[in-house]
Amino acid sequence: MVTLFLSSFVEESGATGYGSCLEPVIGTLYENSYLILIPIESGSELPLYLKLKLKLKVKRILASHSQTTTTLLPPSPTMSTHPERNSIGYALAPNKTQAFIQPSLIQQAKKHNIELIPIDPSKPLIEQGPFDCIIHKLYGPDWESQLQHFSSKNPKVPIIDSLDSIQRLRNRVSMIQVVCNLKLPQRHQVLDVPKQYVVSDLQQTSNGNYDLIGDLGFPLIAKPLMANGSDTSHKMYLVFDEEGLDKLETPIILQEFVNHGGVIFKAYVAGDYVKCVKRKSLPDLNEDNSVTLKGLLPFSQISSASVEENSDFECVEMPAVDFVEEVAKAMKEETVEYEIKCNNSTEQLD
Ligand SMILES: Nc1ncnc2c1ncn2[C@@H]1O[C@H](COP(=O)(O)OP(=O)(O)OP(=O)(O)O)[C@@H](O)[C@H]1O
Ligand SMILES: O=P(O)(O)O[C@H]1[C@H](O)[C@@H](O)[C@H](OP(=O)(O)O)[C@@H](OP(=O)(O)O)[C@H]1O
């Protein structure tokens with residue numbers, strides 16, 4: 001914390017009004033730091049040692065841009081009481097707009113000087129705004145080229161999420177690769193991914209060289225290759241036998257079924273903030289409970305299903321917080337590394 005004796009500072013700096021002379025000081029201070037300003041009655045004499053101490057302090061602040069505290073003085077008319085206003089453009093499907101852009105969110109954003117502006121994807125993005133940031137969850141070549149064009153003209157405006165990150169996560173093969181690439185410190189918890197194959201021709205799941213179904217075993221899970229927000233991207237099947245397999249459409253991902261206690265944990269990461277939640281999942285399958293199941297069993301967004309009261313669900317322990325945080329951190333690092341790689345390769349192409 002730094003204390004400034006105001007009248008003396010004004011005298012020393014030769015400025016006529018403290019507002020104008022303090023603005024450059026405040027402007028050089030970091031966010032989340034404070035400046036305590038204590039007004040000294042004009043005409044009062046400060047002991048020399050205090051004047052010297054004060055001069056040194058002001059110099060130190062200006063030099064180091066260091067920590068400061070709350071302004072106890074009324075602000076000058078030229079000093080803005082509000083931080084800069086930010087405009088966030090959002091581009092979402094109508095159902096997601098309805099779900100997310102609620103009055104409470106708009107109010108909360110306003111409190112933080114953020115204005116949420118709807119983007120009309122049918123009009124040129126470049127002509128909308130200006131935006132300090134864009135959040136979006138739309139897909140398709142037209143939208144992507146709009147974003148690319150906008151980015152090339154506004155390289156400093158963050159787009160959440162970047163096309164590179166989305167590209168990698170909307171395909172279930174590259175998505176799983178992110179987890180395989182994670183560099184995690186050695187610990188007793190295990191992080192692994194299920195075995196999976198992309199199948200483009202169901203007649204070739206077993207060709208002389210490799211018996212893919214034999215490797216995965218029944219039951220298995222069939223998932224759409226793309227996870228691109230479309231209605232079909234969450235449409236999955238439990239496959240119990242060859243007959244079920246024959247009914248699938250390709251291309252498709254076939255994945256081994258891993259018993260996991262009927263519960264999954266989802267971790268949401270925003271910057272350094274990580275929130276892990278417990279969700280309902282498919283029940284364990286074993287010879288006792290799956291013996292009567294045949295063919296295909298479709299399911300979709302099971303993790304959004306409600307949980308029956310008094311089920312064992314409540315008793316399932318959450319994973320260790322430090323483990324979840326480590327995974328989140330490793331994912332962030334992997335994502336950043338990947339984006340740097342993508343940017344470098346684009347630069348080389350340019
Ligand atoms: N290999 C597996 N073994 C057992 N169960 C699985 C496996 N893969 C997925 N599941 C179950 O299927 C659900 C959906 O799978 P996944 O998370 O891959 O799809 P999603 O559509 O991305 O998920 P969400 O429904 O949460 O959006 C999981 O929540 C889990 O219950
Ligand atoms: O609400 P949680 O448990 O986080 O599940 C999410 C799914 O995992 C995402 O796949 C959904 O995104 P898409 O609708 O783009 O697939 C996502 O849709 P959202 O963008 O409407 O939240 C959610 O359904």
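All values below come from the heavy atoms of this structure, side chains included, with hydrogens, waters and symmetry mates left out. Start at 1 and go down the list; that is how both ligands and their atoms are numbered.
- Regarding atom 25 (O) of ligand 1, its nearest protein heavy-atom neighbour is Gln301 CA, 3.2 Å.
- Between Ser162 and Asp164, the side chains place no donor N or O within less than 3.5 Å of an acceptor N or O (distance only, hydrogens not considered).
- Every atom of ligand 1 is numbered from 1 in the order shown, and the set under 4.0 Å from a heavy atom of Pro194 is 1 (N).
- Atom 14 (O) of ligand 2 has Lys96 NZ, 2.7 Å as its closest protein atom, hydrogens excluded (heavy atom only).
- The heavy atom nearest to atom 15 (O) of ligand 1, considering only Gln196, His234, Met236, Gln255, is found in Met236.
- Looking at Lys247 and Glu242, no side-chain N of the basic residue comes within less than 4.0 Å of a carboxylate O on the acidic one, giving no salt bridge.
- The closest approach between Lys266 and ligand 1 falls below 4.0 Å for a heavy atom of the residue.
- For atom 12 (O) of ligand 2, the nearest non-hydrogen atom of the protein is Lys137 NZ, 2.8 Å.
- In plain terms, the two heavy atoms of Leu282 and Leu238 that are nearest each other are CD1-CD2, 4.2 Å.
- Close approach of ligand 1 to Glu256 (heavy-atom distance below 4.0 Å) involves ligand atoms 1 (N), 2 (C), 3 (N).
- Here is the list of ligand 2 atoms found below 4.0 Å of a heavy atom in Tyr139: 15 (O).
- Atom 10 (O) of ligand 2 has His234 CE1, 3.0 Å as its closest protein atom, hydrogens excluded (heavy atom only).
- Proximity of atom 17 (O) of ligand 1 to the protein is not indicated, since no non-hydrogen protein atom lies closer than 4.0 angstrom.
- Annotation: side chain of Gln108 is not in contact with side chain of Gln102 (no heavy-atom distance under 4.5 Å).
- Ranking the protein heavy atoms by distance from atom 6 (C) of ligand 1 puts Ile221 CD1, 3.2 Å first.
- With a 6.0 Å cutoff to the six-membered ring centre and a 45° limit on the axis angle, Lys278 counts as a cation-pi contact of Phe313.
- From Gln146, atom CD reaches atom CD1 of Ile119 across 9.0 Å, with rounding to the nearest 0.5 Å.
- A salt bridge does not link Arg85 with Asp132: every distance from a Lys NZ or Arg NE/NH1/NH2 to an Asp or Glu carboxylate oxygen is 4.0 Å or more.
- One finds no salt bridge joining Lys137 and Asp161 here, because no Lys/Arg side-chain nitrogen approaches an Asp/Glu carboxylate oxygen to under 4.0 Å.
- Ligand 2 has a nitrogen or oxygen under 3.5 angstrom from a nitrogen or oxygen of Arg279.
- The minimum heavy-atom distance between Val324 and Ala267, with the atom names listed, is CG1-CB, 3.9 Å.
- For atom 24 (O) of ligand 2, the nearest protein heavy atom (residue, atom name, distance) is Gln301 NE2, 3.4 Å.
- With respect to Glu333 and Lys329, a salt bridge is recorded, a charged nitrogen being found less than 4.0 Å from a carboxylate O.
- When only interatomic distances are considered, the shortest N/O to N/O separation between Tyr268 and ligand 2 falls below 3.5 Å.
- Taking any N or O of Ser303, backbone or side chain, at least one lies under 3.5 Å from an N or O belonging to ligand 1.
- Considering OG of Ser174 and CG of Asn181, their distance stands at 10.5 Å, rounded to 0.5 Å.
- For atom 17 (C) of ligand 2, the nearest protein heavy atom lies under 4.0 Å away.
- Residue-ligand proximity, Ile302 to ligand 1, at heavy-atom distances under 4.0 Å covers atoms 13 (C), 29 (O), 31 (O).
- With hydrogens and angles ignored, the 3.5 Å screen pairs a side-chain donor or acceptor of Gln196 with a backbone N or O of Arg172.
- When hydrogens are left out, the protein atom nearest atom 11 (C) of ligand 1 is Leu282 CD1, 3.8 Å; that is the closest non-hydrogen contact.
- Shown in contact with Lys223 at under 4.0 Å from a heavy atom are these atoms of ligand 1, numbered in order with element: 8 (N), 9 (C), 15 (O), 16 (P), 18 (O).
- Considering backbone and side-chain atoms together, Val258 places an N or O closer than 3.5 Å to an N or O of ligand 1.
- Among all protein heavy atoms, the one lying closest to atom 12 (O) of ligand 1 is Phe299 CE1, 3.4 Å.
- Near Ser281, meaning under 4.0 Å from one of its heavy atoms, ligand 1 places the atoms 30 (C), 31 (O).
- The two residues Asn259 and Leu285 have their closest heavy-atom pair at OD1-N, 2.7 Å.
- Of the protein's heavy atoms, His260 CE1, 3.3 Å lies nearest to atom 5 (N) of ligand 1.
- Between Lys266 and ligand 2, at least one pair of N/O atoms sits closer than 3.5 Å.
- What sits closest to atom 22 (O) of ligand 2 on the protein, heavy atoms only, is Phe100 CZ, 3.4 Å.
- A salt bridge does not link Asp241 to Lys294: none of the charged side-chain nitrogens sits closer than 4.0 Å to a carboxylate oxygen.
- Salt-bridge annotation for Glu249 and Lys235: absent, with no side-chain N of the basic residue lying under 4.0 Å from a carboxylate O of the acidic one.
- Ion pairing between a basic and an acidic side chain is recognised when a charged N comes within 4.0 Å of a carboxylate O; Arg170 and Glu144 show such pairing.
- Remark: distances from the non-hydrogen atoms of Arg172 to ligand 1 include one below 4.0 Å.
- Within ligand 1, counting atoms from 1 as listed, the ones closer than 4.0 Å to a heavy atom of Ile264 are 29 (O).
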